[in-house]
Every structure is written in C-alpha cells, then in structure tokens.
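Written below as structure tokens is the structure these notes are about.
Computation of the quantities below employed the complete heavy-atom set of this structure, encompassing side-chain atoms and omitting hydrogens, waters and symmetry-equivalent molecules. Computed from a predicted model, the values in this text were never measured in an experiment. Chain identifiers are assigned alphabetically (A, B, ...) following the order of the sequence lines, protein sequences preceding nucleic acid strands; residue numbering begins at 1 within each chain.
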Amino acid sequence: MKDDELKNIWNMINDDTLGLDAMHMTKDQIISTRSGSVQNKLRAMLQNDLILKSVGGIALLLNLVFYWGTSDVIFICLGGILFLGLVTTIQWKTLQEFDKISNPGLSTRESLSNILIFIKRKANIYEICIAASQVLIYVPGLLIYFYLVYGQVKPMTGMSFAVFTTIALIGTFSAYSRVRAQIKFHIQYLHISLSDLNENSLQYAFNAIDNKRKQDHLIKILVYILAIFGFVLLMVVLKSAVG
Amino acid sequence: MKCDKKTFAEILDKHKGIIRKVSMLYTNNREDQEDLFQEICFQICKSYNTFRDEAQFSTWLYRVALNTAISQVRKNKQKTASETFYENIHYASVRNEDSEGQVQQMFKAISKLNRIDKALILLWLEEKNYEEIADILGISKSNVSVKLVRIKRNLSETINGL
C-alpha cells in the first residue's frame, strides 16, 4: 500500500464530527472529571496521603486536649506533631517539585525521562512518607480510643503490647509495600515507553538518575531518621500504656 | 498566558480534531476515549502557561496530547486487546459510509503498534514532516525515518492481510 493511500484512508475521518460527549464539556467539567495518567496517579498518591496526615494531625491535637496534664501523652503528641510537620514538609516539597518537572509540553523523550528520573530519585521518599502516615494515624487513634473508652491510657499487659505493636508494624509495612509496588509499576511503564522511543533515551535517563542520586543522600538520611523516630514514638506510647 | 474559559473554548473548538484522533488511537472504547479526551484537555489548559511563542502552537499541542496519551495508565489491561479495538470506533465520524471498512482496518492495524509507534504514524498521517516529528518526540530525524519505514510497511501488510 502506498503512502498516499494510507493518508487518504486517514483523511476520511471527519474532524468536524463531534463523536464524544466530552467535547461539549466546559473547562470546569473537564477539570473535575479528569482521569489518571502516570503523573496524576503519582500526584494523587502524595495528595491523598497528605489528607490522611492532616487527619492524623487533628487526632494529635485532640489528644493534646484530652490528655492535658498527662505529661507522657503530651510529650508523645508534641513529638508526633513535630514528626508530622517534618514529613509533611518533605512531602509537600516533593509534590511541588513534581509539578515543576511534569510538563507535558516538552518533547516526549524529555517528558517521559523527567518523570522516570524523578520517580527513581524520590521512590524512597514516597514509600517512607506514605508508610509513616500509618503510625501517625494509628498512635493518635489508639490514644483517642483509650480516652473515649477508659478516660485514660489503659495499662496493657505484655501480650497487648505485642499485639498492638505487631498491628502497627503490619500496617506500616503493608503501606510501604503497596506504594513500592505501585511505583514499580509506573517505572516499568515508563521504561517500556522510553525503550520504544529508542535505546539512547533510556540510557540518557539512567545516566541522569545516577548523577542526581548522588545529590539525594541527605534527604534520604533525613527521611530514614524520621521513620525511625516514628517507630520510637510508637514504642514510647505503647510502653507508657503498659506502665 | 492563562487558560481562561474563553481561551479554553477556543482551543477546544479549533483543535478538537487532533485531540479526538489521539484519544481514538490510544483507547479502545468510548468510555476510555472520553477519559483521555478530558485528560488531554485538562493538561493543555494546565500547561498553557508553559507554552512559548517560539514554538508552533500545533507542535506544542501535539506534544501535550501525545505525552498525555502515552503516559495514560490503563484502567483495565484486557480492554487494550487489539481485537476489540476497531469495533469501538465511532463510525459517525467517517466522511463516507463506504469507507468505514478501510478506516476500521487502519485503526485495527494501528492498534497493534506500541505507544511510541502510534505517535509516529499519527504525526506522519497528519502531514507533519520528519523534522517536526523529531521535535515533538525528541528523537533524531534519522530515527524517525527508520522507524516510519518499518511502521508503514507493517501497517500496509496488516491492512492488506485483514
């Protein structure tokens, strides 16, 4: 089949015919009903988690009110708020950075490479920040439960302590694994597209990732410290409950 | 530059054909087409302030539309099966009813291509020259040329074999 024949068939499609309901939509309707691209999925992951964290923040503030006068719990809540503030700041900055790099007006190679480089660099931050939310919801949630049911932090047996800690660990680990799997899926998706573009595109992205990763150690260390802090916080609350 | 309601309506009115064709090529049913169409419109509006006058608007628009389509995560992988793709094309959009079959065959053949090859053939069918295609996709002209020869050959073979 000749080139002209292919183009003739293509030109039989009538541009003016409105085949989609979406064509009649206004700007506001389109914005409110948009669906997910890799960029939107990754953005939504962080945005939804920020909502979850704000719920955790409210719960911590409620605990401050409920347990006013109980120094151990006050210390835990203040520590939790500090931890939450730091994680949220990192997450917010990551979100802003992502908005800057995810520009679909660039060439396809640049656009896909930018997203891939960003995800590979920030995957650990995504995973840890989102997993940390579990602790930030679980601990204040547990404290609110104790307050509503017992009016105080209920002393626990060693077995209860083990059960509560295990639940927290399972929740955190499963959130971490879920985010890791989602990010892995998106990375594979981008790998395929870049390798379809040409071999050099993928190599270009890999080189850029290696170079930029060297600059990311500080923030990674910071996030790991924050994660450890979160677990220490959990231990303190449960330990004080046992005591 | 801001994408206000008037600008948005103008862009949509003038370029709906391009957006619609991209949406058709990268999806296989009406619902996904609508989703992708909306997503492209949203991205055009959102990124409008990044458009620089030195680039042709249509080049920029193709970039946004294709990049959005390529990075679209499939909701349901089973739906992407090329066998079902051509059945979902909106036939009302074909100028001549006698040509429906040929258009169907072309879409079925294109549906077998990977996402990048779909972008290449779409740009070529839309009369973009090699330089423009290279600019939109960010690859070399020689790469465009080599890939297009292969894609056109595959396309012709598939259409003739259907």
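- Taken to the nearest 0.5 Å, the OG atom of A:Ser195 stands 8.5 Å off from the CD1 atom of B:Ile116.
- Under a cut-off of 6.0 angstrom, the local environment of CD in A:Gln96 is crowded, with over 12 non-hydrogen atoms contributed by other residues, nucleotides or ligands.
- The main-chain N or O of A:Gly105 is found under 3.5 Å from a side-chain atom of B:Arg63 such that the two form a donor-acceptor pair.
- The parts of A:Leu6 that come within reach of chain B are both its backbone and its side chain, each placing non-hydrogen atoms under 4.5 angstrom from that chain.
- Residues A:Asp196 and B:Arg115 are not paired through a salt bridge, judged by the lack of any N-O separation under 4.0 Å between the basic side chain and the carboxylate.
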Please evaluate residues A:Trp10 and B:Phe107 with respect to the criterion side-chain contact (heavy atoms from CB on, under 4.5 Å), reporting the C-alpha separation (whole Å), side-chain torsions for both, the decisive distance (0.1 Å), and the verdict. CA-CA 9 Å; A:Trp10 182 253; B:Phe107 270 93; 4.1 Å; yes
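- Contact annotation for A:Ile115: neither backbone nor side-chain heavy atoms come within less than 4.5 Å of a heavy atom of chain B.
- B:Glu127 is linked by a salt bridge (Lys or Arg N to Asp or Glu O under 4.0 Å) to A:Lys7, counting only residues two or more places apart in sequence or in another chain.
- Interface check for chain B: of the options A:Leu112, A:Asn103, A:Asp3, the most heavy-atom pairs under 4.5 Å are formed by A:Asp3.
- A search for side chain to side chain contact (heavy atoms under 4.5 Å, CB included) contacts involving B:Asp117 returns B:Leu113, B:Asn114, B:Leu120, B:Lys147, B:Arg150, B:Ile151, not counting sequence neighbours.
- Checked by atom type, the side-chain pair B:Asn67/A:Thr108 shows a donor-acceptor distance below 3.5 Å.
- Proximity to chain A is absent for every atom of B:Ile40, based on heavy atoms less than 4.5 angstrom apart.
- If you measure heavy-atom distances from B:Asp13 to chain A, you find no contacts under 4.5 Å at all.
- Atom-to-atom distance recorded for A:Arg109:CZ and B:Ser140:OG is 9.5 Å, nearest 0.5 angstrom.
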